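Taking it in order: structure first as structure tokens, then the write-up.
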Amino acid sequence: MLPAIELENSLTRKRERLEPAVPGRISMYVCGMTVYDDCHLGHAMSAVCFDMIRRYLEHRGFLVDYVVNFTDVDDKILARASREEVDFLTVSERFIDNYFSDMDRLNVKRATIYPRATRHIPEMLRMIGDLVDRDIAYPVDGDVYFDVTRFDDYGKLSGRKVEELLAGARIEADTRLRQPADFALWKGAKDGEPGWESPWGTGRPGWHIECSAMASRYLGQTFDIHGGGLDLLFPHHENEIAQSEAHAGVPFARYWLHNGILNFSGSKMSKSIGNVLGIKRLLKTHDPDAIRLYLLGSHYRQPQSYEDGSLERAGKSLERFVNVFDRARRLLQDSPPEERGSITESALTDAAAAAEARFHQCMSDDFNAAGALGGLFELASHLNTAMQAAEKEDPGPEGRAGLNQALSTLSSLLGVLGLRVGSGESQAAGASSEADTSLISALVDQMIQMRLQARQAKDFSRADEIRDRLARVGIELKDAPSGTTWTRRPPSAQD
RNA sequence: GGCGGCUUCGCCAAGUGGUAAGGCAACUGAUUGCAAAUCAGUCAUCGGCGGUUCGACUCCGCCAGCCGCCUCCA
């Protein structure tokens, strides 16, 4: 019996048991990105956190409807388009493609649907129209604003009170507004800006309304989980709730999940500060699984600080898993089975069962992937201990069964976290075509043969030279009793 | 100024009212021609001060430091 899933709900600030509105199904909406530039590690953090949550829910048997939006029209996109003298959709579509290629490499599973704001203008106009009709929103000079005093629960997510917002507003008051905290549902087009026709003139949607419109379009007026970065909690998510609930009269998202922000050099990774690490650049020197492992190494809700060498350390950790599978493959294929075994089956099956139990215990407890990983490292250790013995004396038929079972547990649980180690689909850094790979393989085997001859002739300086030279081009040799193996490492990483 | 959060071994980072997972690094030993990998072992009393409690790192209060949001932001 697996533990019930509990999660920390930002809305109630409490730990709650996850009880989907429709048994067996989870409807989940996660704020994607405004596509005006490349993705950075912070975007990856959010995407990977919610991907991990989604994968775990699916692993637990839920059918997950997973919606991630693209904000494909906004000031920054328009600014870029104007700078590049292209249509704004050219810009947004380019960065959407870019987003997919980065996220695919990080093994972020594709959402059920990726709605774009520009393709849901009618839905938004209907919502805005309704709010205006009921005087919850009001038009001003071609814009439309939401009157925050007309929604009693305004501030319930972020713990703010309307009065305080009015008093402490940092922005200069726009005198056209009923109060400074009111936010735009619709923005009238200024000179030459693209726009859509509306009852209030040509314009484009405000930022928040798209999520309200698209979430209800695809998941219903009330759905289970809404996720996003903690920095979106206010005002974005607060405003989503206000619009949606004022419009529909029913609760919007039932559970709100927020991932902690990634800090780099002491402050939030953000384009405006300029301390961003682009995913594309990181992928040049790091295994995508290492990046994923790093991002899952702390609880999703905690802010995470990126330090120099963080990804290198994650890469070393990942190798621990990689080595287990390499070693097992060698062990199981090299030696013919014998009657008597060096491994007692129960030792490994117990270790595997313990790791799996701990995995579920941690993951059920607000998706504690970091804790779950700890258990997987322990299982890796148990496997190594057993394999060390098995290299001296055949594990025997029962031992082989136990070994295989523990390996398959390890690889499938890593898979639930989206880590491809041991699944046969891991992406070695510098992956190349199949033809290249087999050519490299043949060449390296030749070099290993040459080195073996040198070693047998006790010409160790020559043997070392071969090893060093291969290391310089990213081929690392490992001598084992059963022979020499090699692995490709990424070219030396700088950050 | 308002709201929220954080402070655990050299670094990253889980966690619990009953004396602290894991990874990286380091140290000792085994193994190795030497390495690498691996194994065995070593390596923290949880920011400070009070309080509640039989007992707190975990609960409460105060203090200090750091961070996020309040403007676009994963």
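What you see below is based on every heavy atom in this structure, not just the backbone, and it leaves out hydrogens, waters and symmetry mates. Because the structure is a prediction, the values reported are computed rather than measured. Reminder, nothing fancy here: chain letters follow the sequence lines and each chain counts from 1.
Remark: aromatic rings of A/F70 and A/F100 are close, center separation under 6.0 Å. The aromatic ring centroids of A/H237 and A/H208 lie 6.0 Å or more from each other. Taking the six-membered ring for Trp and the full ring otherwise, A/Y294 and A/Y306 have centroids separated by under 6.0 Å.
Of all nucleotides present, only B/C39 satisfies the Watson-Crick or G-U wobble test against B/G29, with each distance under 3.5 Å. Judged by Watson-Crick or G-U wobble contacts below 3.5 Å, the nucleotide B/C49 has B/G61 as its partner. Partner assigned to B/U71 is none, using Watson-Crick or G-U wobble distances below 3.5 angstrom. Taking a pair to require two hydrogen-bonding distances under 3.5 Å in either a Watson-Crick or a G-U wobble arrangement, B/A44 remains unpaired. Pair check for B/A20 finds none; no Watson-Crick or G-U wobble contact set falls under 3.5 Å. As the counterpart of B/C9, no nucleotide is assigned, since no Watson-Crick or G-U wobble pattern has both distances under 3.5 Å.
Within the nucleic acid shown, A/Q302 comes within 4.0 Å of sugar-phosphate atoms alone, with no base atom in reach, counting heavy atoms only. Residue contacts for A/F234: at a heavy-atom cut-off of 4.0 Å it reaches the sugar-phosphate backbone alone, with no base atom in range. Using a 4.0 Å heavy-atom distance criterion, A/L477 is classed as a base contact. Using a 4.0 Å heavy-atom cutoff across all strands shown, A/H236 reaches no nucleic acid atom at all. Contacts of A/T34 with the nucleic acid, taken as non-hydrogen atoms under 4.0 Å apart, involve only primed sugar atoms and P, OP1 or OP2. Residue contacts shown for A/R358 include a base, since a base heavy atom lies under 4.0 Å away. Among the heavy atoms of the strands, none lies under 4.0 Å from A/G375. Residue A/R455 is in base contact, counting any heavy-atom pair closer than 4.0 Å across all strands shown. Looking at heavy-atom distances under 4.0 Å, A/I261 makes contact with a base. In this structure, A/D75 reaches neither bases nor backbone, as no heavy-atom distance under 4.0 Å exists between it and the strands shown. Counting any heavy atom pair closer than 4.0 Å across all strands shown, A/K271 reaches no nucleic acid atom. At the heavy-atom level, A/G297 lies under 4.0 Å from the strands shown only through sugar-phosphate atoms. The residue A/L262 sits close to a base: some heavy atom pair falls under 4.0 Å. At the heavy-atom level, A/S298 lies under 4.0 Å from the strands shown only through sugar-phosphate atoms.
Across the P atoms, B/G33 and B/A44 are found 35 Å apart, a figure rounded to whole Å. Taking atom C1' in both B/U58 and B/U19, one finds a spacing of 12 Å when rounded to whole Å. Rounded to a whole angstrom, the distance from the C1' atom of B/U32 to that of B/C39 is 13 Å. Across B/C59 and B/U8, the matching P atoms stand 16 Å from one another, rounded to whole Å. The separation of B/C70 from B/G61, taken at their P atoms, amounts to 27 Å, rounded to a whole angstrom. Here the separation of B/A64 from B/C27, taken at their P atoms, is 41 Å to the nearest Å. Comparing B/U7 with B/A35, their C1' atoms are spaced 41 Å from each other, to the whole Å.
Proximity of A/T385 to the phosphate of B/A40: a side-chain N or O atom is located under 4.0 Å from OP1 or OP2. Contact annotation: A/R320 reaches the phosphate of B/C39 (side-chain N/O to OP1 or OP2, under 4.0 Å). In this structure, A/N368 reaches the B/G15 phosphate: one of its side-chain N or O atoms is under 4.0 Å from OP1 or OP2. For A/N263, no side-chain nitrogen or oxygen approaches OP1 or OP2 of B/C67 to under 4.0 Å. Contact between the side-chain N/O atoms of A/K268 and the OP1/OP2 oxygens of B/C67 is not found at any separation under 4.0 Å. For A/S381, a side-chain nitrogen or oxygen approaches OP1 or OP2 of B/C39 to under 4.0 Å.
Rounded to an integer number of Å, the gap from A/K161 NZ to B/C3 P is 8 Å. Going from atom CG of A/L78 over to atom P of B/C72 covers 15 Å, rounded to whole Å. In this structure, OH of A/Y306 is placed 17 Å from P of B/C11, rounded to the nearest angstrom. Distance A/L296 CG to B/A21 P: 22 Å, rounded to the nearest Å. B/C12 atom C1' lies 20 Å from atom OH of A/Y300, rounded to whole Å. Atom P of nucleotide B/C6 and atom CG of A/N259 are separated by 16 Å, given to the nearest angstrom. For the pair A/E8 CD and B/A14 C1', the interatomic distance rounds to 16 Å; values are reported in whole Å. With rounding to whole Å, A/R469 atom CZ is found 22 Å from B/A36 atom P.
Contact record, A/M52 with A/Y300: CE-CB, 4.5 Å, taken as the closest heavy-atom pair. Shown here for A/P288 and A/R105, the closest heavy-atom pair between the two residues is CB-O, 3.2 Å.
With distances taken from any side-chain atom of A/S46 to the nucleotides B/A74, B/U38, B/C24, the minimum falls on B/A74. When distances are taken from the side chain of A/H299 to each of B/A14, B/C39, B/A37, the shortest belongs to B/A14. In the set B/A14, B/C70, B/C24, B/C24 carries the atom at the smallest distance from any side-chain atom of A/R313. Closest approach to the A/Q388 side chain among B/C12, B/A21, B/C39 is made by B/C39 (side chain taken as heavy atoms from C-beta onward). For A/R160, counting side-chain heavy atoms from C-beta on, the closest listed nucleotide (B/A14, B/A37, B/C70) is B/C70. The listed nucleotides are B/A25, B/A14, B/C34; the one nearest the side chain of A/D479 is B/C34. Residue A/S267 has its side chain nearest to B/G68 when only B/A74, B/C24, B/G68 are considered.
Judged by distance alone with a 3.5 Å cut-off, a donor-acceptor contact links the side chain of A/D464 to the base of B/G33. Side chain A/R467 to base B/A36: no donor-acceptor pair is found below 3.5 Å. In terms of polar N and O atoms assigned as donor or acceptor, the side chain of A/R451 comes within less than 3.5 Å of the base of B/G33 in a complementary pairing. You'll find a donor-acceptor pair under 3.5 Å spanning the side chain of A/K76 and the base of B/C72, going by distance alone.
Using a 4.0 Å cut-off between charged side-chain N and carboxylate O, A/R13 and A/E8 make no salt bridge. Using a 4.0 Å cut-off between a side-chain N of Lys or Arg and a carboxylate O of Asp or Glu, A/R292 and A/D289 do not qualify as a salt bridge.
Of the options A/Y66, A/F252, A/Y218, a ring-ring contact (aromatic ring centres under 6.0 Å, His included) to A/F223 is made by A/F252 and by none of the others.
Ring stacking holds between A/F460 and B/G33, with the centres under 5.5 Å apart and the planes within 30 degrees of each other.
Comparing A/R13 and A/S305 by the nucleotide of RNA chain B whose heavy atom lies nearest to each, the residue mapping closer to the 5' end is A/R13.
Side-chain contact between A/V421 and A/S411 is absent, with no heavy-atom pair separated by less than 4.5 Å.
The aromatic rings of A/Y29 and A/H226 sit tilted, their planes meeting at an angle between 30° and 60°.
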